[in-house]
Amino acid sequence: QGIIDDVTGNHQSGNTAFELYKSATGWFQVYTYLLGLAICGTTLKIIHLLRFNSHVQALSVTMRKSAKPVAQFLFVVSIFMMAYTQAGNLVFGVKLQGYNSMPASLQSLCVMILGSFDFDELSGANGIFGLLMFFSYQAMMQFILLSMFMTIIMD
């Protein structure tokens, strides 16, 4: 009985092992994001240092010339992604675990761009609206937006 009382007391006061691990995983996630940012900055610095190479210089000039159109394009893509994220949350949020919140819905849509999805689960969750959202999202992202991005870079 004493062990049960101790566990109950710790649980009520919030001093559980889970709370300690939750804090540790939060800090590990911050560390991962900062490490990714540092690696991105280092990669850009290396590309800047290699500008004497003609191939790298051509890449640098292309990136510099296309920076503004790519930024505008990314703004449009973010609007489309947020619209489809909200639609996914509204259409599938109640029935599918991958769409129950906005971040989870955004992650599921990003994975869907890469081709990893369960079509039967999507069509079973919401018949007509599910299929309409899936096919319109795939058409918009795969054909229109990716071809627009390649056009900007190739121009």
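By the criterion of side-chain heavy atoms lying less than 4.5 angstrom apart, applied directly or through intervening Ile, Leu, Val, Met, Phe, Trp or Tyr residues, M150 is grouped together with M140 in one hydrophobic cluster. Put simply, V94 and L122 are part of two different groups of oily side chains (I, L, V, M, F, W, Y) that touch within less than 4.5 Å, one to the next. Under the 4.5 Å side-chain heavy-atom criterion for Ile, Leu, Val, Met, Phe, Trp and Tyr, M148 and M141 are members of the same hydrophobic cluster. Linking ILVMFWY side-chain heavy atoms closer than 4.5 Å, directly or via other members, places M82 and L90 in two distinct hydrophobic clusters.
Checked against side-chain contact (heavy atoms from CB on, under 4.5 Å), F143 has the following partners two or more places apart in sequence or in another chain: A139. Q142 pairs by the side-chain contact (heavy atoms from CB on, under 4.5 Å) definition with I113, Q138, L146, not counting sequence neighbours. When the side-chain contact (heavy atoms from CB on, under 4.5 Å) test is applied to Y33, the partners found at least two apart in sequence or on another chain are Q29.
Atom CZ in F80 sits 13.0 Å away from atom OG1 in T85 (nearest 0.5 Å). A distance of 5.5 Å separates CE of M112 from CG of L109, quoted to the nearest 0.5 Å. Rounded to the nearest 0.5 Å, atoms OG (S123) and CZ (F135) are 9.0 Å apart. Put simply, OG1 on T42 and CG on L35 are 9.0 Å apart, with the number rounded to the nearest 0.5 Å. Atom CD of residue Q97 and atom CD of residue E121 lie 10.0 Å apart, to the nearest 0.5 angstrom. If you take OH on Y99 and CG on L106, they are separated by 10.5 Å, rounding to the nearest 0.5 Å.
When the shell of 6.0 Å around CE of M102 is examined, it contains more than 12 heavy atoms from other residues, nucleotides or ligands. At most 12 heavy atoms of other shown residues, nucleotides or ligands fall within 6.0 angstrom of atom CD1 in I128. Atom CZ of F75 is surrounded by 12 or fewer heavy atoms from other residues, nucleotides or ligands within 6.0 Å.
Between the side chains of Y84 and S105, no donor N or O sits under 3.5 Å from an acceptor N or O.
When all heavy atoms of C110 and Y137 are compared, the closest pair comes out as N-OH, 4.2 Å. Across all non-hydrogen atoms, the minimal contact from I144 to S147 is O-OG, 2.9 Å. Taking every heavy atom of both residues into account, F92 and A125 meet most closely at CD2-CB, 3.8 Å. Minimum interatomic distance between L131 and F119 (heavy atoms only, all atoms of both residues): CD2-CZ, 3.3 Å.
The six-membered or imidazole ring of F117 lies near that of F134, with a centre-to-centre distance under 6.0 Å.
Using modelled atom types, one side-chain atom of S108 and one backbone atom of G98 make a donor-acceptor pair closer than 3.5 Å.
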